[in-house]
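In what follows, every chain begins at residue 1, and chains take the letters A, B, ... in the order their sequences are listed. Keep in mind that the numbers below use all heavy atoms, side chains included, and drop hydrogens, waters and symmetry copies.
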Amino acid sequence: MKSDSSLSTIVKALEEVGAFVEEVRDSEVYFRVTRENVRAAARALYSLGAYLKTCAGVDERELSGLFAVYYIFGLDDHGVDAVLRVLVPQDDPWTVSVVPDVPAADWCELEVRDLLGIDFRGRLTKRLVLPEDWPEGVYPLRKEFKYDEKPPRVLREELSEEVGIPVGPYHPALHEPEYFELYVEGERVVDVAYRGFHVHRGIEKLAESQRFTYKQVPFLAERICGICGFVHSSCYVMAVEKAAGIVVPERAEFIRSIVLEVERLHSHLLWLGVAAHLLGYDAGFMHAWRIREQVMVLAEYLTGSRKTYGINLIGGVRKDINTEKIDKVLKTITDLRKEFTELVKAMLAVPQIKSRASGTGVLTKAEARALSVVGPVARASGLYRDVRKDYPYLAYKRVSFKVPLYTEGDNLARLLVRVDEVFESIEIIKQLIDMLPGGSVVVEEYDIPSGRRAVAAIEAPRGEDVHFIITGVGRPYRWRVRAPTYQNIPALRAMLRGTPLADAPLTIASIDPCFSCTDRVTVLDVRSGRKSFIRLKQGV
Amino acid sequence: MLEVSSVNIAKALRAIKKSVWVYHLNSGSCNACDIEVLDALTPYFDVERFGIKLVGSPRHADVILFTGPVTRESLPKVVKTIKAMPRPRLILVLGSCGIGGGIWWDTYSTLGGFKKLEEILRENGVEVDRVVYVPGCPVRPEAIIYGMLLLLGLVEQKSKRVEVVASEG
Amino acid sequence: MLYSVAAAVLSLALAPVYDGLERKIRAAIHTRIGPPILQTWYDILKLFTKEIVVPVGGAWYTLVTALELLALIASSAILYHISSYGLGHATLLESVAFIVLTSVVATLAIVRAVSQNNVFSVVGGFREFSLMLSAEPFLAVSFLLLASGAGSLASKSIATAVLAVSSYVISGRVPYDIAEAEPELASGVNIELAGPLLGLATISSVLKKLVSATLTALALISFVGLSGLSSLTAVVIATPVVWLVHTVVSTILGRSRVDLAIRFLYVLLFFLSSALVLSFGLGL
Amino acid sequence: MSVAKILEIALRTGRVTRRYPYEPPLLTPEFRGAVKIDPSKCWGCGACVKVCPPNALTLKPAGKEATLEYFVGRCVFCGMCAEVCPAKAIEVTKEFELSATSLEDLKSRVIHRLARCSICGAPIWTEAELRTVVKSSPIAEEYYLVCPKCRKERFAKAAMLRLGAGSE
């Protein structure tokens, strides 16, 4: 808690709209609010400068006989999280949507509806997370649903139709199945529809199943994303440690921070390479990945694996760092700094990169704030938002670094933010190595009481990653993960409008959607409404 | 004639020995295998030296690189993509997810890997001619290369089924 | 004549090797080993062993591709024929035939793209069309000017430059490979093809590069003023050199966007053409 | 011309490609590959099975035997099994060339004979585990060869006898 006065301001504002404080823990304030008042409470928080981190539906019937919806707001100016808890009776499961005031809640409310069966009043609802052939009335996050139940499947029409290329969600250059439908006029994009969640694997449910224990979940968390997995496992263990009041040895905190920054390096270099490839500059792709390879080798040397490092435990880390490893880290980042400086210079000199990245995919500051975007996307649109500064965690309170800020909000700005962050990460690693304290790297003895709640956040390469946990017996009672991309994808709609078709892939990739899910882009002409014909104004 | 005889496969393998075009199919993986696939193209591993090229359409593909545990949502698209590939259909199944469903092998929204998918493919009349499984979580670029060479018959398989009775002390 | 035929046949056989070299050199700039030099040949041969999958509009497609290949072979033959006595001495018939053939190739490529029932392919086709509109006229004018043998040294050198730029554009390389732009169009015009048909398409793209390189080589050699057998030999030798330059240029640049590409080409070529007209007018 | 700078970088760097499989892979000493179970050390206690996040290790009793199966095709290579193994029977190797053409080739099994309860005949634990336990702390045969259920019953009976309830 940064100051008591800011806390009392928040409490006062919320009490005026009928909310009351349930609990204050560390930097989190939990409020209880009725479903009728939740919109007013959310509005009050927004007017205090809060942004929505996420919302989560919880089946609390075993505890209180009710469902609950948690809205987690961040007040980054105060370094405080305000959590609204709305109780929903099980025989009449509805609540009032906050979307009219907080557009950023769009997806997470739909997700609560899909997975828990709570209806949201005052907004349009549609299925978001579950596949189309999922039966109505089956809600995976309800406790009576077993994690390995498989409702009957229907192979949908996609199988039988036309002979053409599968208009599936696959794209040659980028390798995640997400699906965008671009509506174009000529070569200009006028609207975009998104159908994602091809990668919904039921992770949150799995973590609360009998198959998992607290100790095993880090390995699951790490596989949420193969690029920034360490962020997820760190965020999970931080949430559990926070909830259970486990004090982690300082050395472990430093090692986690170092590995997190190494991960950021690999992720940003990867992104830069992909961006170059999307702009047809394959030499840039190859060189960026060549440089990145040394980071991968370093990661393996520090953790035992090139990706999905597997060193996070509740209470610390599994692998210590010795002097040889320190030398290797220092050598790698020194070389990296030199090579990266040169490469960036060469890349930015390529005329097509500058001309195609600047002025395309613009996201204004106002839009960025309304949509609660995070990470480099926010910082490229002039929003100063970085969890490492706003809610210092692990060893970040001990290092000094700059948060790169650009105001143009276009693809070039997002590229430059990431370039600057690579240099900052190198500096952070250097400082962390210099200050690395001694001691053990893990506490073995701890106890995790059930019924505790905690929110943890980490600045992932793509932005703020949020984990919310309610502890249970032997395993989480509820574990909610909000990856940064979840927050950023809705902003694509604003970014893509008016962008040339050729720059759509770059624009989609520019939010770095957990490795550019710029998949198969279906092109529809808005005038004819058919998927077949494209009008192109000649000689434009 | 649904069956492609082994002779034909041998012939097909001979034909692609020096030019292997691969299509990457992600059925809902965590991306780690997928970035390692990309990594295999980059300077340190450079699979192009074997004539391996990543192509943008399953119609152009000689081999499909398959990742992910097959999520419910991706299933119809996956089936369709594999169907679009010309015979013989050679598939390299990459990573723990593709082979055994990975850490989420039994959840409500995954199929648990390629074996189940193969059954569904067969039900829909889509035959797969040859499969090589490449374990790893994620698969290292070298493991991908090794798997590809195994598919082409250029290296010997090392993994063998082992069954030992615990010693009598 | 006989030598020209021999040179043309040799170059046709060597074109895939040049393409293999291109890939090798590109790989070297990427700091990697790259494929064997014969890789493009391996690719083509493999494609011809695969089953024939006829795409929608297949009959059309096959006809169009065959015509396109023929036109490409014919245009390279004309180039080698001209090579034996230098561009400045080409007859009007030869020049016109060459220009018509290159337009035919471009048009057929568009027809081929549009004949496929695929939206990516259609977008690719239209992009190709826009590019053709911006490059072909300049190619034609500069070619005719050089073929006429008229003009001063300055105007000849400017015309050679215009020809070099516009012939680079028709080679379909970065930054002007927007018709097949992988990220947004998933290899655009070729997306529906498989097996031997794709093999034909591959050959025709290699031949396009050959025609482009030969054209520039021819212009340069004629500029130097060689003729006869030595000129032909020089063109045959200069072709891979030009190809190499094309390779390096395409490797260090990024892909353009259709509007940017056209704007840039118009500005550049207009500038050069104005200089050309000016130098002609002033008789420099 | 800074556009051409990439050529300079490329010239200076040369070719970095590792010619794997003709050259050694880019492995570090810390790499975690497949695990290997030493059948001469394994007790079949199942500690590894409990800790394995993806259930790549399973222990299934069938008849007189219990089979510890390692399915490398589902392994996530975390190495936790090696850490918890009380017998130090599991070793994390550097093996990554694991490709196979059939799923069966990706499985390795250690078969344990089960010791049976001397009273009811139900399988209790593996013979290997039994030997280890006996070796480390000598206990009477009437204990280690009796399953927990029978032991409880026997204890209850003895207690009742002592309380004088007698047989009913």
Side-chain angles (χ1 to χ4, degrees), chain B residues 39-40 42-50 69 92-106 112-115 130-151 153-169, chain D residues 13 15-21 24-27 31 33-34 36-44 53-56 65-78 89 95-113 126-132 135:
Chain B
D39 209 6
T42 61
Y44 275 91
F45 306 102
D46 186 29
V47 291
E48 208 191 3
R49 68 201 152 99
F50 299 105
L92 210 57
V93 179
L94 303 179
S96 296
C97 289
I99 302 171
I103 200 163
W104 24 67
W105 62 280
D106 57 351
F114 191 76
K115 200 172 167 216
R130 191 158 191 203
V131 183
V132 166
Y133 300 94
V134 188
C137 190
V139 279
R140 302 177 63 86
E142 293 102 331
I144 300 173
I145 295 174
Y146 182 84
M148 183 60 92
L149 296 180
L150 180 67
L151 177 74
L154 297 174
V155 289
E156 288 284 309
Q157 179 175 321
K158 280 192 185 175
S159 292
K160 282 274 137 51
R161 177 195 152 112
V162 185
E163 205 169 286
V164 204
V165 178
S167 81
E168 302 293 312
Chain D
T13 313
R15 287 178 191 174
V16 298
T17 309
R18 285 279 181 124
R19 285 168 208 262
Y20 176 84
L26 212 59
L27 280 186
F31 175 68
K36 205 175 157 198
I37 306 168
D38 185 343
S40 67
K41 288 189 191 157
C42 176
W43 307 344
N55 311 127
E65 290 169 341
T67 309
L68 175 67
E69 185 182 279
Y70 173 50
F71 178 30
V72 70
R74 195 180 286 147
C75 180
V76 297
F77 306 91
C78 63
E95 194 50 69
F96 65 88
E97 292 162 331
L98 302 162
S99 304
T101 48
S102 88
L103 289 177
E104 274 305 302
D105 282 336
L106 297 176
K107 291 174 182 165
S108 55
R109 300 191 177 92
V110 178
I111 297 167
H112 286 280
R113 240 170 256 136
T126 68
E127 285 183 358
E129 193 173 8
L130 188 72
R131 274 196 303 275
T132 322
K135 220 184 284 169

field: By side-chain hydrogen bond (donor to acceptor under 3.5 Å, both in side chains) - contacts of Arg140(B) (at least two apart)
entry: Glu300(A), Glu142(B)

- prompt: Under the 3.5 angstrom rule, does the side chain of Ser159(B) hit a backbone N or O of Asp105(D) as a donor-acceptor pair?
  reply: no

message: Taking the side chain as everything from C-beta on, heavy atoms only, tell me whether Ser96(B) gets closer than 4.5 Å to Ile103(B).
response: no

query: Can you say whether Val134(B) sits under 4.5 Å from chain D via the side chain, the backbone, both, or neither, judging by heavy atoms?
result: both

Contacting region of Phe71(D) [heavy-atom separation from chain B under 4.5 Å]: side chain

task: Identify which part of Leu149(B) has an atom lying under 4.5 Å from any heavy atom of chain D, answering side chain, backbone, both or neither.
output: side chain

message: Quick check for you: among Gly102(B), Gly147(B), Pro141(B), which has the greatest number of heavy-atom pairs under 4.5 Å with chain D?
response: Gly102(B)

field: Partner residues of Thr17(D) under the side chain to side chain contact (heavy atoms under 4.5 Å, CB included) criterion, sequence neighbours left out
entry: Asp46(B), Arg49(B), Arg32(C), Ile33(C)

message: Given heavy-atom pairs under 4.5 angstrom as the criterion, report whether the side chain, backbone, both or neither of Arg15(D) touches chain B.
response: neither

- prompt: Hey, which of Cys78(D), Ala34(D), Pro54(D), Ala56(D) has the most heavy atom pairs under 4.5 Å with chain B?
  reply: Pro54(D)

message: So Val165(B) and Glu65(D), do their side chains get closer than 4.5 Å, heavy atoms only?
response: no

task: Establish, from distance only, whether the side-chain atoms of Thr101(D) and Gln157(B) form a donor-acceptor pair under 3.5 Å.
output: yes

field: Atom of Tyr44(B), atom of Val16(D) and distance for their closest heavy-atom approach
entry: CD2-O, 3.6 Å

Residue, of Gly98(B), Ala143(B), Gly101(B), Pro138(B), that accumulates the most heavy atom pairs under 4.5 Å with chain D: Ala143(B)

- line: Applying a strict 4.5 Å limit to non-hydrogen atoms, the region of Leu27(D) in contact with chain B is both

Option in Ile99(B), Leu154(B), Val131(B), Leu150(B) with maximal non-hydrogen atom pairs under 4.5 Å from chain D: Ile99(B)

- prompt: Between Ser102(D) and chain B, which part of the residue has a heavy atom less than 4.5 Å away: side chain, backbone, both or neither?
  reply: backbone

field: Ser108(D) backbone acceptor or donor facing Arg161(B) side chain under 3.5 Å
entry: no

Chain B contact via Leu98(D) - which portion, at a heavy-atom distance below 4.5 Å: both

query: Can you check whether Leu68(D)'s main-chain N or O pairs, donor with acceptor, with Arg109(D)'s side chain at less than 3.5 Å?
result: no

Engaged part of Tyr70(D) at the chain B interface, taking heavy atoms whose separation is under 4.5 Å: neither

message: Taking side chain as everything from C-beta outward and backbone as N, CA, C, O, which of these in Glu95(D) sits under 4.5 Å from a heavy atom of chain B? Side chain, backbone, both or neither.
response: side chain

